[in-house]
Amino acid sequence: MSVIVWDGKTLATDRSALSGSIHHRVSKAWRHEGAILTGTGSVKRIHEMVEWYKRGVDTPFPEGQKTSNWCHFIVVDEHGLKRYEQSPIPIEHGFNTCAFGSGQDLAYGALAMGASAEQAVEIANQYSRNCGHGVDIFHLKGE
């Protein structure tokens with residue numbers, strides 16, 4: 001269970017991972033060659049997608065991502081945010097605000113009221129039992 005928020009300048013994620021009924025504190029985003037990589041859904045699929053992206057998007061697409069147990073794999077780079085679902089063709093979000101994961105509705109409400117990505121994740125953490133353990137913040141230039 002997650003919340004990932006992009007406000008056009010900053011990517012923010014919660015830090016909570018659920019294993020059965022236990023919440024663990026984890027990092028949900030990683031840097032790779034100037035890009036920020038993250039995702040929601042199956043952790044196994046997210047890691048498969050990270051490895052695919054690192055190999056190059058022209059390499060064979062992970063077969064597991066084509067199943068019903070796929071993830072939203074998110075890449076933020078100098079062109080903005082793009083999301084991969086069940087194919088190697090990304091959905092381009094660019095610099096438009098967006099949110100993903102079980103806390104996305106709360107985050108969208110916060111964004112609509114003028115919150116930053118960080119503030120939107122804080123609000124989702126406060127009101128969703130599926131999100132929590134703080135906020136990680138990422139800027140493209142590593143600030």
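All heavy atoms count here, side chains included; hydrogens, waters and symmetry mates do not.
Annotation: Phe95, atom CZ; neighbour count of heavy atoms from other residues, nucleotides and ligands within 6.0 Å is above 12. Counting heavy-atom neighbours within 6.0 Å of Ile89 CD1, excluding the residue itself, gives a total of 12 or less.
At least one donor-acceptor pair under 3.5 Å links the side chain of Gln119 to the backbone N or O of Ser116. Checking side-chain atoms of Arg25 against main-chain N and O of Ser16 turns up no donor-acceptor pair under 3.5 Å. At least one donor-acceptor pair under 3.5 Å links the side chain of Tyr108 to the backbone N or O of Ala99. Remark: the backbone N or O of Ala29 is not paired with any side-chain donor or acceptor of Ser27 at under 3.5 angstrom. At distances below 3.5 Å, at least one donor-acceptor pair connects side-chain atoms of Arg15 with backbone N or O atoms of Val135.
Between Phe138 and Ile36, the closest heavy-atom pair is CB-CD1, 3.5 Å. Of all non-hydrogen atoms in Gly39 and Ile4, the two that sit nearest each other are O-CD1, 3.3 Å. Pairing each heavy atom of Val5 with each of Ala107, the nearest pair is CG2-CB, 3.6 Å.
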Does the pair Lys82 and Asp77 meet the rule for a side chain to side chain contact (heavy atoms under 4.5 Å, CB included), with working shown?
CA-CA 8 Å; Lys82 57 187 157 211; Asp77 61 19; 3.2 Å; yes

Let me see the working for Leu106 and Val3 under side chain to side chain contact (heavy atoms under 4.5 Å, CB included), right down to the final yes or no.
CA-CA 9 Å; Leu106 293 163; Val3 63; over 6 Å; no

Quick one: do Tyr84 and Met49 satisfy side chain to side chain contact (heavy atoms under 4.5 Å, CB included)? Show the steps, please.
CA-CA 9 Å; Tyr84 293 88; Met49 291 296 289; 3.8 Å; yes

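The aromatic rings of His93 and Phe100 stand perpendicular to each other, their planes meeting at an angle above 60°, with 30° marking the opposite boundary. Between Tyr53 and His32, the ring planes lie perpendicular to each other; the angle is over 60°, past the 30° to 60° tilted range.
Paired with Lys28 under the rule side chain to side chain donor-acceptor pair (under 3.5 Å), one option of Asp14, Thr13, Thr38 passes, and it is Asp14.
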In a table with atom names and distances, give each donor-acceptor pair under 3.5 Å that connects a side chain of residues 57-66 to protein atoms at least two apart or in another chain.
residue	atom	partner	partner atom	Å
Thr59	OG1	Gly56	O	2.6
Glu63	OE2	Lys66	NZ	3.1
Gln65	OE1	Cys71	N	3.1
Gln65	NE2	Cys71	O	2.6
Gln65	NE2	Glu85	O	2.6

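Using a 4.5 Å heavy-atom threshold, the side chains of Leu81 and Ile74 count as touching. The shortest distance between side-chain heavy atoms of Pro90 and Phe73 does not fall below 4.5 Å.
With sequence neighbours excluded, the residues satisfying ring-ring contact (aromatic ring centres under 6.0 Å, His included) with His47 are Trp30.
Side-chain contact, His139 with Thr10: a donor N or O sits under 3.5 Å from an acceptor N or O.
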